[in-house]
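Some notes on the structure that comes next.
Nothing here was measured: the structure is a model prediction, and the numbers come from that model.
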Amino acid sequence: RKNTKRVPSFRKLLRTSQIKLDNKLKNKQYKQKSAAKKYRKEQKKLREAVRDAISRKPFPLEECKKKQVAKKWEEKEEEDALPLDMMDEDDLKLMEDLAQKASFLTRDLSSNEPVHIKKRKHESVIEKYEKVPRRLQTEPEKELIHLLPIKDKSGIIPQAVEKPVLNVADDEEEDTEDMEEAEDFNEEPLPVLTPEEMAAQRRQTLQERKLHIAALASAILSEPDSNIKKLKELRAMLMEQDPNVAVIVRKLVMVSLMEIFKDIAPSYKIRPLTEAEKATKVKKETQKLREFEEGLVSQYKFYLENLEQTIKDWKQRKLKKSNVISLKAYKGLAEVAVKCLCELLVALPHFNFHNNIIVLIVPLMNDPSKMISELCVEAVKKLFKQDKLGYASLGVVKVISGLVRSRNYDVRPEVLKVFLHLRIKEVELQKDSEDIAPKKKFMTYKEKRKNLSRMQRKWKKAEEKLERELLEAEASESKEKKLKLHTETLNIVFVTYFRILKKAQKSPLLPAVLEGLAKFAHLINVEFFDDLLIVLHSLIASGDLSYRESLHCILSAFHILSGQGDVLNIDPMKFYTHLYKTLFSLHAGGTNEDIGIVLQCLDVMFAKRRKQVSQQRALAFLKRLSILALHVLPNSSVGILATNRVFMQTFPRMDLLLDNESQGSGIYLPELDEPEHCNAQNTALWELHLLQRHYHPTVQKFASHLLAGAPTEGSGALPLDLSQR
């Protein structure tokens, strides 16, 4: 039989430690002994069976049959006397002769002998026993393991060893014997330690482990190429079994391995070698580098799997069989594992298995544990901020989009808010589009031919070739590829936003969506502007939004209109009216923090669109903002008064409100929510006199400055430190 077992490669044998080889040899010898023992037992049983058969001396079969046949004939003769009497003697004799010859009726069908063979008269009992067909448990064919041949004077001698067959019964017997021995051994009482001795022993054990970790780590960092196998030894300490120090040692090993991988990982992705590359002969240095890279990738993969398993065990609240670590300690281990994954996510975005880390981290952003979710959110924000090319950002955005959809939009708002940290800006995209255009050559071929000598042309050609090689060596990403990545990323972000606007308008994610739209609205395709503005207005008109969400809606709408949307002929009067109505929702309590959003809205709605804003509208907002400044905290009051200063300097005839005399017909209607029709020109900014006596000195300065008409110079002008803010 041909041996189909695959012979291990020489490299694999090299990687195997001596202890493992010794253990393998012992196991092999033990299996061979057990197989031989089993065979001896079977032979013994067979010999005993033969011996028993001989001693019993079974009764001859023919004699027994003859007696039974004779009895039957006698009984039949007695019973059937009448029919036999009626038969002729010749007929009866003929039937008896036929019965004697009909061997096919009396023949033993199990025998292989021909019908006409004569029976031997004196057949011994043993021979009869041997002729009875039987099935013994035959010895199974031995599978051979071919070893290296031995060469001596006579020639080459092939070597082979039988593959041992395990005997389960023997193994169980020996296991029980071992267990009994172990129990006898364990019966000896262990010395009882005092708490002080136990603490001292624990400190000593911990110190030994720390020194061992430090020695391994320093050896790996000093010579990574030579000591890559020590990574395996260090990683094995993640399975520390001493219950007194297991938790601390595992945490230390996790952090140590994370720092080692950050240091020794190359600045490129290691790809697996093809069969052709493995078959080709290479230099020793190249082979050494290949082995280092192969070992590094495999150990990094196992390390990430260990971290993932630690987090899974904590999530499932599952105790291991060894029971070395308690359930409470699992949380601490999981937190350290998450920290390590976050560090690797940010530090090694170019290295292998980065997408696997993203798939692990993104769902943890939505974790019920606040600490773990914050760690993951901060890591993703850092990744977005430092990702210049866009590969890693695209991967994270894809996974977040899938997570939001799979959870049916039931995720924490922080998960979507990370989109605000993406490094995608309008200026960058415009610059990229300019760089994509083909650059004009300094000299054409004809001009070179005409103006340069043959030697100069040769030098020029060599220079151009060198420049091309330098560009390839730098591996500088083309602007076109970068633009493509950014476009794809933004498309996924907008698809996520639009899905939530369409299907989950009452979701707590809506503020994050509106905030994101406000930031990236200028990058949306112009075709979607009309539909998006209709959706935003319907959201505001529905009345289901909180004041903060409605503020984000307004901000998004004006960002759209101030970018590419200024070509659209859309009157956003309804958005001005809604902001005018919403202003009094703010006060000195919890809503004081949202003044920042209001000031952003005012900046986009008035300062950037001053040509499209009427004087009546500007006067109405100026008056209402002055009233609001009395109701909020000092920091918000300063922001509002600074905005009023911009109003007075940007729009003409704002000083009407500093005069007591009314202009035109009608009286001011402060409760009316229509800025165009509230007759704001017929009132005065009496609030500034109250703010002049405010307890906060900066508010006093601003109020006095506005009462003087917001001059840019002179005695009523603001101090330099305030005016430049």
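The line from CD1 of Ile248 to NZ of Lys251 is 7.5 Å long, rounded to the nearest 0.5 Å. His587 NE2 to Ser636 OG: the interatomic distance, rounded to the nearest 0.5 Å, is 11.5 Å. In this structure, CG on Asp594 lies 6.5 Å from CG on Leu586, to the nearest 0.5 angstrom. Taken from NZ in Lys288 to CZ in Phe292, the straight-line distance is 10.5 Å, to the nearest 0.5 Å. How far OG of Ser393 is from CD of Glu488: 12.0 Å, rounded to the nearest 0.5 Å.
Checking Glu293 against Tyr268 by side-chain atom types alone, a donor-acceptor pair falls below 3.5 Å.
Under the 4.5 Å side-chain criterion, counting only non-hydrogen atoms from C-beta, Leu360 is not in contact with Ile311. You'll find the side chain of His578 reaches within 4.5 Å of the side chain of Ser550, heavy atoms only. Residues Leu602 and Leu579 form a side-chain contact, since some pair of their non-hydrogen atoms from C-beta on lies under 4.5 Å apart. At least one side-chain heavy atom of Leu231 sits less than 4.5 Å from a side-chain heavy atom of Leu257. Under the 4.5 Å side-chain criterion, counting only non-hydrogen atoms from C-beta, Phe558 is in contact with Pro572. Put simply, the side chain of Met365 does not reach to within 4.5 Å of the side chain of Glu414, judged on heavy atoms. Looking at Leu344 and Phe351, their side chains never come closer than 4.5 Å, going by heavy atoms from C-beta outward. Contact check for His354 versus Leu345: side-chain heavy atoms found under the 4.5 Å cut-off.
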(request) Run the numbers on Phe575 and Ile540 for side-chain contact (heavy atoms from CB on, under 4.5 Å), then give the verdict. (result) CA-CA 9 Å; Phe575 292 108; Ile540 291 171; 3.7 Å; yes
(request) Could you walk me through whether Leu510 and Leu501 pass the side-chain contact (heavy atoms from CB on, under 4.5 Å) test, one step at a time? (result) CA-CA 7 Å; Leu510 196 60; Leu501 280 176; 3.7 Å; yes
(message) Using side-chain contact (heavy atoms from CB on, under 4.5 Å), reason through Arg235 and Leu238 one step at a time and then give a plain yes or no.
(response) CA-CA 6 Å; Arg235 194 175 54 77; Leu238 282 171; 4.0 Å; yes
(request) Tell me, with the steps shown, if Val397 and Leu422 meet side-chain contact (heavy atoms from CB on, under 4.5 Å). (result) CA-CA 10 Å; Val397 168; Leu422 284 165; 4.2 Å; yes
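Not a single donor-acceptor pair under 3.5 Å links the side chain of Arg202 to the backbone N or O of Val245. Distance alone, capped at 3.5 Å, is enough to place a donor-acceptor pair between the Lys519 side chain and the Leu420 backbone. Of the possible donor and acceptor atoms, one in the side chain of Asp242 sits under 3.5 Å from a partner among the backbone N and O of Asn244. A donor-acceptor pair under 3.5 Å is absent between the side-chain atoms of Thr310 and the main chain of Leu333, judged by distance alone. Judged purely by atom type and a 3.5 angstrom limit, Ser401 has no side-chain atom pairing as donor or acceptor with the backbone of Lys398.
Smallest separation of non-hydrogen atoms from Ser406 and Leu403: OG-O, 2.9 Å. The nearest pair of heavy atoms linking Leu555 to Gln600 is CD2-OE1, 3.5 Å. Considering every non-hydrogen atom in both Leu551 and Cys601, the closest pair reads O-SG, 3.7 Å. Nearest heavy atoms, Ser373 versus Arg412: OG-NH2, 3.4 Å. Annotation for Met237 and Val253: closest pair CB-CG2, 3.7 Å, computed over non-hydrogen atoms. Minimum heavy-atom separation, Leu509 to Pro413: CD2-CA, 3.7 Å.
Under the 6.0 Å cut-off for aromatic ring centres, Phe520 and Phe419 do not qualify, their centroids lying 6.0 Å or more apart. Aromatic pair Tyr576/Phe606: centroids less than 6.0 angstrom apart.
One finds a salt bridge joining Glu308 and Lys312 here, because a Lys/Arg side-chain nitrogen approaches an Asp/Glu carboxylate oxygen to under 4.0 Å. Ion pairing of Arg271 with Glu277 is present here, as a side-chain N (NZ or NE/NH1/NH2) and a carboxylate O approach within less than 4.0 Å.
Applying the side-chain hydrogen bond (donor to acceptor under 3.5 Å, both in side chains) rule to pairs touching residues 331-353 yields Lys262-Glu343, sequence neighbours excluded.
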Output a table of donor-acceptor pairs, distance under 3.5 Å, between side-chain atoms of residues 375-385 and any protein atom two or more places apart or on a different chain; print 'none' if there are none.
none

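Shown here is Arg548, whose CZ atom has no more than 12 heavy atoms of other residues, nucleotides or ligands within 6.0 Å. Around CZ of Arg290, the count of heavy atoms belonging to other residues, nucleotides or ligands within 6.0 Å exceeds 12.
Residue Val399 is tested with Leu394, Asn355, Ile358 for a side chain to side chain contact (heavy atoms under 4.5 Å, CB included); the sole match is Ile358.
Shown here are the side-chain contact (heavy atoms from CB on, under 4.5 Å) partners of Glu223, two or more places apart in sequence or in another chain: Ser226, Asn227.
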